[in-house]
Amino acid sequence: MFSKESPFTLTLMVSQGRINGKMVGMVLPTAAVGDPAPVRLVNDVETLRVLSDPLRLAILRLLMRSASQAPPILSVKEMAAELEEPPTKLYRHVKQLEACGLIVVAETRLVSGIVEYRYRTGQLGLRWDSALLGQAADPSDLLAIDMASCESFLQDYAVAVASGKVRLDQQTSPETSYRNPISAVVEARLSPQRATQLRGRLTALIDEYFDGSDDEDGVPVHMSLIFYSPEG
């Protein structure tokens with residue numbers, strides 16, 4: 001259960017039954033769970049390393065999907081089915097995400113006499129603290145997050161194109177021009193001042209449009225961006 005009106009949610013028993021003498025489908029009371037934070041600022045090396053694993057990142061992206069509208073609440077088995085991975089492969093990764101507060105237990109239910117935990121994201125978005133670059137963070141961890149994020153983004157994009165939800169073979173009307181994808185890989189030699197200005201404008205646009213809140217009549221918008229200026 002997720003309520004935007006209340007800062008806390010409490011899951012209560014909603015149904016129960018017996019099959020071959022075993023209790024099934026019983027949702028058990030859980031401790032109150034606050035709504036997801038709008039944005040989680042990742043500012044410690046431990047959380048960064050947890051996020052550097054592609055499978056853990058895929059689990060988190062799954063739980064953050066459409067999170068601002070109604071965060072999905074999934075068991076490990078349900079996550080495994082979505083990701084096409086064996087459940088046994090996910091348990092350790094889920095526990096690591098939970099230990100960092102990136103995901104939380106939102107429900108527990110009794111299935112054939114065994115308590116099953118169901119998880120929800122702890123935040124609607126993630127931002128990296130620039131101070132991490134000055135800590136003992138392994139650059140390979142940062143690179144792993146970037147690479148896993150880009151791969152996941154491209155996979156989602158390919159699925160959207162293949163399903164016809166994104167069209168590459170036609171232009172829409174001016175009223176729905178936001179449906180037309182923008183794809184660009186660009187290089188240029190800019191003065192340090194203009195390069196700084198460009199970076200600042202990109203950052204400002206992200207802060208303005210991706211602040212963790214949704215417009216009432218909002219449409220889904222996805223974007224992946226890496227800006228870098230190599231030395232030399």
Side-chain angles (χ1 to χ4, degrees), residues 1-7 9 34-42 51 54 57-74 78-79 81-84 102-103 106 120-128 130 145-191 193-229:
M1 181 185 299
F2 176 69
S3 171
K4 291 187 176 180
E5 287 74 25
S6 171
T9 59
D35 290 346
V39 178
R40 164 77 178 268
L41 182 66
V42 178
L51 288 167
L57 197 59
I59 293 169
L60 187 59
R61 279 179 56 85
L62 176 63
L63 292 177
M64 289 174 63
R65 183 181 59 192
S66 302
S68 58
Q69 299 174 10
I73 298 176
L74 302 174
E78 290 168 332
M79 295 180 211
E82 290 273 359
L83 298 174
E84 298 183 349
L102 292 164
I103 65 175
R120 191 213 67 199
T121 182
Q123 61 286 309
L124 306 182
L126 291 170
R127 293 288 298 272
W128 318 126
S130 59
I145 291 176
D146 282 342
M147 296 298 289
S149 298
C150 288
E151 180 182 356
S152 181
F153 178 87
L154 289 174
Q155 288 177 346
D156 290 346
Y157 176 61
V159 169
V161 171
S163 65
K165 293 181 178 180
V166 171
R167 301 295 299 271
L168 303 180
D169 57 350
Q170 65 182 33
Q171 294 292 303
T172 64
S173 65
E175 293 78 12
T176 58
S177 61
Y178 58 84
R179 297 289 187 192
N180 301 325
I182 298 176
S183 178
V185 178
V186 295
E187 294 183 14
R189 297 191 66 84
L190 304 178
S191 69
Q193 292 78 13
R194 293 189 69 201
T196 299
Q197 182 185 53
L198 173 59
R199 187 184 185 280
R201 290 175 66 179
L202 291 173
T203 300
L205 284 171
I206 293 171
D207 289 342
E208 179 180 357
Y209 289 96
F210 299 92
D211 62 354
S213 61
D214 284 341
D215 297 339
E216 290 185 2
D217 57 346
V219 297
V221 174
H222 302 262
M223 184 177 73
S224 179
L225 171 68
I226 294 180
F227 169 96
Y228 70 99
S229 177

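If you're wondering where the values come from, they're calculated on a predicted model, not measured in any experiment.
- Atom CZ in Arg189 sits 13.5 Å away from atom CZ in Arg194 (nearest 0.5 Å).
- Rounded to the nearest 0.5 Å, atoms CG (Leu190) and CD (Gln197) are 9.5 Å apart.
- Scanning both residues, Gln123 and Leu102, for their nearest heavy atoms gives NE2-O, 3.1 Å.
- The two residues Arg120 and Pro71 have their closest heavy-atom pair at CG-CB, 3.5 Å.
- Remark: Glu78 engages Ser75, Arg118 in a side chain to side chain donor-acceptor pair (under 3.5 Å) (not counting sequence neighbours).
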Chi angles and distances behind the side chain to side chain contact (heavy atoms under 4.5 Å, CB included) call for Met223, Ile206: CA-CA 10 Å; Met223 184 177 73; Ile206 293 171; 4.1 Å; yes
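- Tyr157 has its side chain within reach of Val166: a pair of non-hydrogen atoms, C-beta onward, lies under 4.5 Å apart.
- The shortest heavy-atom contact between Glu82 and Leu62 is CB-CD2, 3.8 Å.
- Each of Leu63, Leu124, Ile103 was checked for a side-chain contact (heavy atoms from CB on, under 4.5 Å) with Pro36, and the lone residue meeting it is Leu124.
- Within the 4.5 Å cutoff, side-chain heavy atoms of Arg199 are placed close to those of Thr203.
- The shortest non-hydrogen separation linking Leu202 to Phe227 is CD1-CD1, 4.0 Å.
- Within the 4.5 Å cutoff, side-chain heavy atoms of Leu168 are placed close to those of Pro181.
- Annotation for Asn180 and Thr172: closest pair OD1-N, 3.2 Å, computed over non-hydrogen atoms.
- A distance of 8.0 Å separates CE of Met147 from CD1 of Ile226, quoted to the nearest 0.5 Å.
- With sequence neighbours excluded, no residue forms a side chain to side chain donor-acceptor pair (under 3.5 Å) with Asp146.
- Considering CZ of Arg40 and CG of Leu60, their distance stands at 9.5 Å, rounded to 0.5 Å.
- Put simply, CG on Asp35 and OG1 on Thr121 are 12.0 Å apart, with the number rounded to the nearest 0.5 Å.
- Contact check for Thr176 versus Val219: no side-chain heavy atoms found under the 4.5 Å cut-off.
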